[in-house]
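In what follows, every heavy atom counts, from backbone to side chain, and hydrogens, waters and symmetry copies are set aside. Position 1 is the first residue of the sequence; numbering continues from there. Read the numbers this way: they start at 1 and go in the same order the structure lists the ligands and their atoms.
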Amino acid sequence: MIVAPKIRGFICTTAHPEGCAANVRSQIDYVKGRGPLPHSPKKVLVIGASTGYGLASRIVPAFGGGAATIGVFFEKPGIENKTASAGWYNSVAFEEAAAEAGLYAKSFNGDAFSKEIKEAVIRAIQADLGQVDCIVYSLASPRRTDPETGEVYKSVLKPIGQSYSQKNLNTDTAEVNSISIDPASDEEIAHTVKVMGGEDWELWLDALADAGALADGFTTVAYSYIGPDLTYPIYTNGTIGRAKEHLEESAARMNSRFGAGTAYVSVNKALVTQASSAIPVVPLYISLLYKVMKEAGLHEGCIEQIQRLFADHLASGGAPSLDEKGRVRIDDWEMRADIQAAVASAWETVTTENLSSDSDFSGYKKEFLRLFGFGLEGVDYEAETNPEKALPSGL
Ligand code: NAI
């Protein structure tokens, strides 16, 4: 079939196999170009490994550090006349490149919240690697089925306490309008914490510890976001922020249990991913941020961010540098006072009319399409392609 983008709101329902592969290869090339990471962990489990920050977190230790990797994700394989989801093609391309480079790579496509996937992953670790020395937790999910009770929890992106009105971008029509969101109920807050908090991260570590699958001196990291005052009501002080607070509490609990310096929360930069494009207000903020950071020569994507996370913190050969709350801050360039001042001032004046000149909305759109394998150089988008691509590890 010939594959073209089909955008529905903040999701693209098609993905291009060769385009996704080109995207993965360019990330691998970037990492190889940065030189080896001699202190990289060597046996890495990435939960949420197929797109965004998790995919980058698989590529960096593999191609910078020569690590064996196990990836867990929830993606759809392609069938005749229907493409797979982008994360499926990304993972196929990752595994192919890993095999070419002689690197161990196994993938598990299924629900990371379930006991079954945890057990299957642990069996593979025990059979193939013995133990893992780094666990990256990079899930972004709208729902979670509790493995004990079967109850389904749904996360919401809402403010807490009072409603929130702010400028917003309709990414379909390129209109700057405004949005007003009612506050979350107590139940919605609790559900969001259940889905996006640290409970499942801890369950993974419990299961790995019980199975003796954690190497001495292992580390684990999960990702968070803080961002500017203007998104505080919908992010940091909203339901998702509550979940991220819980993630930090989980890290503290794991540090008490496994030893200080085992569990980290890394605060990352706002970037276009499938997860972030669903958050109100954030696409407009990202469009303004990209323009300011590109002009300042400070722009990074997921791969540059995670390369820096490993090179400067997790695989530097020393302890990571932490903020006053014990977090790694690779959002440091985003949060620089000059960058934030420029974005805040652009925020005041941005309108539908000046969106294309005063923001990097065109960069936002290009990057959104790239997530699904569209707009990559060297890919023939007019050519027939087979949507069915098998994962080499066959799982
Ligand atoms: P993403 O949407 O690109 O990736 C999510 C990953 O989770 C995918 O691999 C997906 O297959 C997997 N996944 C979702 N549900 C699953 C399930 N039930 N079982 C197994 N795998 C599942 O998201 P992104 O943006 O990379 O987010 C990853 C983490 O980074 C999240 O915790 C997010 O809050 C955090 N973060 C994201 C930022 C951003 O701007 N995108 C900024 C800072 C932190």
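When only non-hydrogen protein atoms are considered, atom 3 (O) of ligand 1 lies nearest to Thr51 OG1, 2.9 Å. In terms of protein heavy atoms, atom 32 (O) of ligand 1 is closest to Lys244 NZ, 2.9 Å. Here the heavy atom of the protein found nearest to atom 24 (P) of ligand 1 is Thr273 OG1, 3.8 Å. Atom 26 (O) of ligand 1 has its closest protein heavy atom at Tyr53 N, 2.8 Å. Annotation: atom 2 (O) of ligand 1 to nearest protein heavy atom, Ala275 N, 3.4 Å.
The contact set between ligand 1 and Leu139, taken as ligand atoms under 4.0 Å from a residue heavy atom, comprises 7 (O), 12 (C), 13 (N), 16 (C), 20 (C), 21 (N), 22 (C), 31 (C), 32 (O). Here is the list of ligand 1 atoms found below 4.0 Å of a heavy atom in Glu75: 10 (C), 11 (O). Applying the 4.0 Å criterion to heavy atoms of Ser50 picks out, from ligand 1, the atoms 8 (C), 9 (O), 10 (C), 11 (O). Close contacts of ligand 1 with Ser141, meaning ligand atoms under 4.0 Å from a residue heavy atom, involve 15 (N). Below 4.0 Å from some heavy atom of Phe113 lie the following atoms of ligand 1, by number and element: 18 (N). Each of the following atoms of ligand 1 lies closer than 4.0 Å to a heavy atom of Ala49: 9 (O).
Using modelled atom types, one side-chain atom of Thr192 and one backbone atom of Val156 make a donor-acceptor pair closer than 3.5 Å. Between the Asn170 side chain and the Thr173 main chain, a donor and an acceptor come within less than 3.5 Å of each other. A side-chain donor-acceptor contact under 3.5 Å links Thr239 to the backbone of Lys158.
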Next on the checklist: Let's go through Glu148 and Lys115 carefully: what are the C-alpha distance in whole Å and the side-chain angles of both, what is the deciding distance for side-chain contact (heavy atoms from CB on, under 4.5 Å) to 0.1 Å, and is it a yes or a no?
Outcome noted: CA-CA 9 Å; Glu148 295 298 335; Lys115 284 187 181 176; 3.1 Å; yes
Checklist entry - Checking side-chain contact (heavy atoms from CB on, under 4.5 Å) for the pair Phe113/Thr145: CA distance, chi angles, key distance, verdict? => result CA-CA 7 Å; Phe113 296 125; Thr145 305; 6.0 Å; no
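Ring planes of Tyr381 and Phe374: tilted class, angle from 30 to 60°. By the 30° and 60° cut-offs, the orientation of the rings of Phe218 relative to Phe258 is perpendicular.
Judged by the shortest distance from any of its heavy atoms, Arg143 lies outside the 4.0 Å radius around the atoms of ligand 1.
Considering each of Gly110, Ser276, Ala140, Gly87, the one bringing a non-hydrogen atom nearest atom 27 (O) of ligand 1 is Ala140. Of the options Phe74, Tyr235, Tyr225, Tyr137, the smallest heavy-atom separation from atom 16 (C) of ligand 1 is shown by Phe74.
Cation-pi check for Arg308 over Trp333 is met; the charged atom lies under 6.0 angstrom from the ring centroid and within 45 degrees of its normal.
Contacts between Ser224 and ligand 1, counted as non-hydrogen atom pairs separated by less than 4.0 Å, involve the backbone only.
Considering every non-hydrogen atom in both Ala315 and Pro41, the closest pair reads CB-CD, 4.2 Å.
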